[in-house]
Amino acid sequence: AINKRLELVASYVENKRLADIGSDHAYLPIFLAKEGKIDFAIAGEIVEGPHKVSIKNVKEEGLSNTIDCRKAAGLDAITLEDNIEVITICGMGGKLISDILEDGKDKLINKPNLILQPNVGESFVREKLQQLGYNIVAENIMEEDGHIYEVIVAKAGEMNLTEEEKVFGKYLLKEKSDLFIKKQKLELNKIKYILSQLQKAKEIQKDKVDELEKKYKEIQDIIS
Ligand code: SAM
């Protein structure tokens, strides 16, 4: 069994040819292959150790003909001949995910669906998707082991997000689920703490304080 976070990501996979980038142990493609949801996957991983583990796990499951473990940076793991229909990138910061998409954008010309699960920095991801000609079709938020995670699903298309929608997510904003509110309250506490630390400093960094106070108010407005 895989964790709930990866299971949620898996639930959005609706194509047969997958590339999971930063696959680590390859649990996601293994799960999807066993469920019969995919019939080909690339498990891309940049670090030797996890790459070796992914090969071992895939072999143990008897899936070596279905899942190809490749050691590569980002979308270098894919060639256009692989005809990848959906790419998953999960469990990393949003900045890194957006850099991987930017650096590998020549692999996105056929516009595979994207299912992205940034741990932080979601706004980088939404911004990049908009730039690259993607439209967000679904968002989800979930909690596991004390962490709150967002999942962003995008398909080829146009969108025009406001700054607010980039930060908070168009769908998540509309829905304002209890978990979304909880996440924003945690964010408020974080900002409050940073502000209190800044007030203690000898030299007040006015710009920084102003910026944080603005952000604080913005979040408060959204959840009130
Ligand atoms: N995707 C899995 C998940 O969500 O459970 C694993 C997440 S793990 C925290 C992130 C993995 O991404 C690590 O194994 C790391 O080595 C790999 N990684 C980081 N940068 C990468 C890159 N540019 N290309 C491929 N893999 C990368």
Side-chain angles (χ1 to χ4, degrees), residues 2-15 18-22 28 31-32 35 37-38 84-102 104-105 108 110-191 214-224:
I2 53 171
N3 59 34
K4 274 170 53 192
R5 175 181 57 86
L6 288 179
E7 218 169 281
L8 179 63
V9 170
S11 73
Y12 287 102
V13 173
E14 47 183 42
N15 306 85
L18 165 80
D20 183 40
I21 303 301
L28 180 64
F31 174 79
L32 285 162
E35 294 271 296
K37 295 266 189 66
I38 56 167
I84 291 305
E85 299 163 312
V86 55
I87 299 175
T88 48
I89 313 179
C90 306
M92 308 175 199
K95 180 70 172 80
L96 178 54
I97 293 177
S98 80
D99 287 347
I100 288 174
L101 295 174
E102 173 62 34
K105 63 182 170 201
L108 300 174
N110 296 324
K111 289 287 184 302
N113 294 338
L114 301 176
I115 307 168
L116 310 170
Q117 184 272 300
N119 290 338
V120 292
E122 297 84 2
S123 64
F124 292 107
V125 174
R126 296 192 181 95
E127 167 88 40
K128 184 55 67 187
L129 288 171
Q130 178 158 313
Q131 272 178 23
L132 293 174
Y134 275 91
N135 179 32
I136 297 174
V137 296
E139 289 168 333
N140 212 324
I141 187 166
M142 63 92 60
E143 184 172 26
E144 186 166 51
D145 300 332
H147 293 277
I148 297 174
Y149 301 104
E150 291 185 18
V151 176
I152 299 170
V153 185
K155 294 186 177 182
E158 294 276 303
M159 64 176 169
N160 205 342
L161 298 176
T162 64
E163 283 312 306
E164 200 172 67
E165 287 169 340
K166 278 178 198 162
V167 176
F168 299 100
K170 183 171 142 184
Y171 297 88
L172 297 178
L173 257 179
K174 239 181 245 162
E175 192 187 14
K176 284 193 190 160
S177 66
D178 291 349
L179 195 55
F180 174 85
I181 303 283
K182 179 173 171 180
K183 175 173 173 157
Q184 302 316 325
K185 283 187 176 159
L186 288 169
E187 192 61 32
L188 285 181
N189 286 340
K190 246 189 256 169
I191 296 174
K214 189 172 156 234
K215 204 169 153 196
Y216 192 91
K217 217 184 148 294
E218 202 177 285
I219 298 175
Q220 251 183 344
D221 287 347
I222 279 169
I223 63 172
S224 62

> Going through the distances and angles, do Ile191 and Lys215 end up as a side chain to side chain contact (heavy atoms under 4.5 Å, CB included)?
Replying inline: CA-CA 8 Å; Ile191 296 174; Lys215 204 169 153 196; 4.2 Å; yes

> With sequence neighbours left out, what residues match Glu175 under side chain to side chain contact (heavy atoms under 4.5 Å, CB included)?
Replying inline: Leu172, Ser177

> Once you round to the nearest 0.5 Å, how far does NZ of Lys190 lie from CD1 of Ile219?
Replying inline: 9.5 Å

>> Does any part of the side chain of Asn140, heavy atoms only, come nearer than 4.5 Å to the side chain of Glu150, both counted from C-beta?
In response: no

>> Go through it in stages, so that I can follow the logic: the residues are Leu108 and Ile87, the test is side chain to side chain contact (heavy atoms under 4.5 Å, CB included), and I'd like the CA-CA distance, side-chain angles, deciding distance and then a yes or no.
In response: CA-CA 10 Å; Leu108 300 174; Ile87 299 175; 3.8 Å; yes

> Any donor-acceptor pair under 3.5 Å linking the side chain of Gln117 with the backbone of Gly91?
Replying inline: yes

>> According to salt bridge (Lys or Arg N to Asp or Glu O under 4.0 Å), who are the partners of Lys174, at least two apart in sequence or on a separate chain?
In response: none

>> Gln220 vs Leu188, test: side chain to side chain contact (heavy atoms under 4.5 Å, CB included). Steps then yes/no.
In response: CA-CA 8 Å; Gln220 251 183 344; Leu188 285 181; 4.1 Å; yes

> How long is the span from the NZ atom in Lys95 to the CD1 atom in Ile97, to the nearest 0.5 Å?
Replying inline: 12.0 Å

>> Can you tell me how far apart CG (Asn3) and CG (Asp145) are? Round to the nearest 0.5 Å.
In response: 7.5 Å

> Of the non-hydrogen atoms in Cys90 and Leu28, which two are nearest, and what is the gap between them?
Replying inline: SG-CD2, 4.5 Å

> Is there a side-chain contact between Lys176 and Ile223 (heavy atoms, below 4.5 Å)?
Replying inline: no

> Checking Lys111 against Tyr134: charged group under 6.0 Å from the ring centre and within 45 degrees of the axis?
Replying inline: yes

>> Could you work out, with salt bridge (Lys or Arg N to Asp or Glu O under 4.0 Å) as the rule, every residue matching Glu139, not counting sequence neighbours?
In response: Arg126

>> Checking side chain to side chain contact (heavy atoms under 4.5 Å, CB included) between Thr88 and each of Val151, Leu116, Ile115, which is the one that passes?
In response: Ile115

> When rounded to the nearest 0.5 angstrom, what is the spacing between CD in Glu85 and CG in Asn15?
Replying inline: 5.0 Å

> With the threshold set at 4.0 Å, does a side-chain nitrogen-carboxylate oxygen contact exist between Lys155 and Glu14?
Replying inline: yes

> If you measure from the Lys or Arg side-chain nitrogens to the Asp or Glu carboxylate oxygens, is any gap between Lys182 and Glu143 under 4.0 Å?
Replying inline: yes

> Which is it for Phe124 and Leu96 under the side chain to side chain contact (heavy atoms under 4.5 Å, CB included) test, yes or no, and what are the steps along the way?
Replying inline: CA-CA 9 Å; Phe124 292 107; Leu96 178 54; over 6 Å; no

> Can you tell if the side chain of Met92 reaches within under 4.5 Å of the side chain of Ile100, non-hydrogen atoms only?
Replying inline: yes

> So do Leu114 and Leu132 actually touch side chain to side chain, heavy atoms under 4.5 Å?
Replying inline: no

>> Once rounded to the nearest 0.5 Å, what's the spacing between atom CG of Asn160 and atom CD of Glu165?
In response: 9.0 Å

> So do Leu18 and Ile84 actually touch side chain to side chain, heavy atoms under 4.5 Å?
Replying inline: no

> If you take all heavy atoms of Phe180 and Phe168, which pair is closest and at what distance?
Replying inline: CE1-O, 3.6 Å

> Judged by atom type as modelled, is there a donor-acceptor pair below 3.5 Å linking the side chain of Gln184 to the main-chain atoms of Ile181?
Replying inline: no

> Do side-chain atoms of Gln130 reach the backbone of Leu161 as a donor and acceptor pair under 3.5 angstrom?
Replying inline: yes

> Can you check whether Lys4's main-chain N or O pairs, donor with acceptor, with Glu144's side chain at less than 3.5 Å?
Replying inline: yes

> Less than 4.5 Å apart, any side-chain heavy atom of Lys183 and any of Ile141?
Replying inline: yes

> For the residue pair Val86 and Pro112, what are the closest heavy atoms and their distance?
Replying inline: N-CB, 4.0 Å

>> Can you confirm whether Glu102 sits close enough to Gln131 that some side-chain heavy atom of one is under 4.5 Å from a side-chain heavy atom of the other?
In response: yes

>> Taking the basic N atoms (NZ, or NE/NH1/NH2) and the acidic carboxylate oxygens, is any pair closer than 4.0 Å for Lys166 and Glu122?
In response: no

>> Are more than 12 heavy atoms, taken from residues, nucleotides or ligands other than Asp178, located less than 6.0 Å from that residue's CG atom?
In response: no

> In this structure, are over 12 heavy atoms from other groups packed under 6.0 Å from Lys217 atom NZ?
Replying inline: no

>> Hydrogens and angles aside, do Asn113 and Tyr12 bring a side-chain donor and acceptor to less than 3.5 Å of each other?
In response: no

